[in-house]
> 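Let me begin by handing over the structure; questions about it come next.
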Amino acid sequence: MPLQMCIEYPDKLPDALQKTRQQFEGEAKMAMAVKLFEMKRLSSGMAAALVGLDRVSFLLQLHHYGAAMLDLDEEELLADLDNA
């Protein structure tokens, strides 16, 4: 059975962001999943499951949150190119 987390926020916050309550809560949930993915705390598959998306759809949404699909430094990228 899934667990549930409750977060309190000011009732005027969704209006201030020009969002409905559902839109705001969905965006906040996605932002949390993206940040945990960026921090390497969740895999892309686990982060996608958290927000009810498939992995590819989650990865395609990352740019809306300023996050990269791949987080390779120059050395890792060059090694990948050498192995391609």
Side-chain angles (χ1 to χ4, degrees):
M1 180 162 78
L3 300 175
Q4 190 173 34
M5 180 171 65
C6 180
I7 299 174
E8 292 182 21
Y9 58 87
D11 61 347
K12 296 195 185 299
L13 189 55
D15 287 338
L17 299 172
Q18 298 179 339
K19 303 279 184 186
T20 66
R21 178 181 168 195
Q22 292 78 18
Q23 289 170 326
F24 170 72
E25 290 178 2
E27 193 172 283
K29 193 173 182 180
M30 181 69 173
M32 180 179 70
V34 168
K35 191 61 183 177
L36 289 169
F37 170 71
E38 274 187 315
M39 294 169 58
K40 297 181 172 45
R41 301 290 298 272
L42 291 180
S43 67
S44 58
M46 290 177 72
L50 179 63
V51 292
L53 294 175
D54 61 84
R55 183 176 168 269
V56 172
S57 296
F58 174 77
L59 291 170
L60 291 173
Q61 293 295 314
L62 290 177
H63 75 281
H64 293 293
Y65 295 84
M69 278 190 221
L70 298 174
D71 184 24
L72 300 176
D73 63 28
E74 185 177 351
E75 186 176 310
E76 291 171 318
L77 186 56
L78 289 174
D80 277 358
L81 288 173
D82 286 342
N83 293 326

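In this chain, residues are counted from 1 in sequence order. Predicted model only: the values in this text are computed from it and were never measured.
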> Report the distance from atom CG of Asp54 to atom OG of Ser44, rounding to the nearest 0.5 Å.
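Here the interatomic distance stands at 10.5 Å.
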> With rounding to the nearest 0.5 Å, note down the distance linking CE in Met46 to CZ in Arg55.
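Taking CE in Met46 and CZ in Arg55, the distance rounds to 13.5 Å.
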> Within this structure, what is the CE-CE distance for the pair Met5 and Met32, rounded to the nearest 0.5 Å?
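If I round to the nearest 0.5 Å, the distance is 4.0 Å.
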> When rounded to the nearest 0.5 angstrom, what distance separates CZ in Phe24 from CG in Leu17?
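Here the interatomic distance stands at 6.5 Å.
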> Check the pair Tyr65 / Lys35 against side chain to side chain contact (heavy atoms under 4.5 Å, CB included), numbers first and verdict last.
CA-CA 9 Å; Tyr65 295 84; Lys35 191 61 183 177; over 6 Å; no
> The test is side chain to side chain contact (heavy atoms under 4.5 Å, CB included); show your working for Leu59 and Phe37 and say whether it passes.
CA-CA 10 Å; Leu59 291 170; Phe37 170 71; 4.2 Å; yes
> Assigning hydrophobic clusters by single linkage (Ile, Leu, Val, Met, Phe, Trp, Tyr; side-chain heavy-atom cutoff under 4.5 Å), is Met39 placed with Leu42?
no
> Would you say Val51 ends up clustered with Ile7 if hydrophobic residues are merged whenever their side chains have heavy atoms under 4.5 Å apart, either directly or through other cluster members?
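The answer is no; the residues belong to distinct hydrophobic clusters.
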> How far does CD of Gln61 sit from CE of Met30, to the nearest 0.5 angstrom?
5.0 Å
> State, yes or no, whether a side-chain contact exists between Met69 and Leu60 at a heavy-atom distance under 4.5 Å.
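Of all side-chain heavy-atom pairs linking Leu60 with Met69, at least one is under 4.5 Å.
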> Please report the C-alpha distance between Phe58 and Leu50 in whole Å, then the side-chain angles of each, then the deciding distance to 0.1 Å, and finally whether the side chain to side chain contact (heavy atoms under 4.5 Å, CB included) criterion is met.
CA-CA 10 Å; Phe58 174 77; Leu50 179 63; over 6 Å; no
> Does Glu25 come within less than 4.0 Å of Arg21, counting only side-chain N to carboxylate O?
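Yes, charged N to carboxylate O under 4.0 Å.
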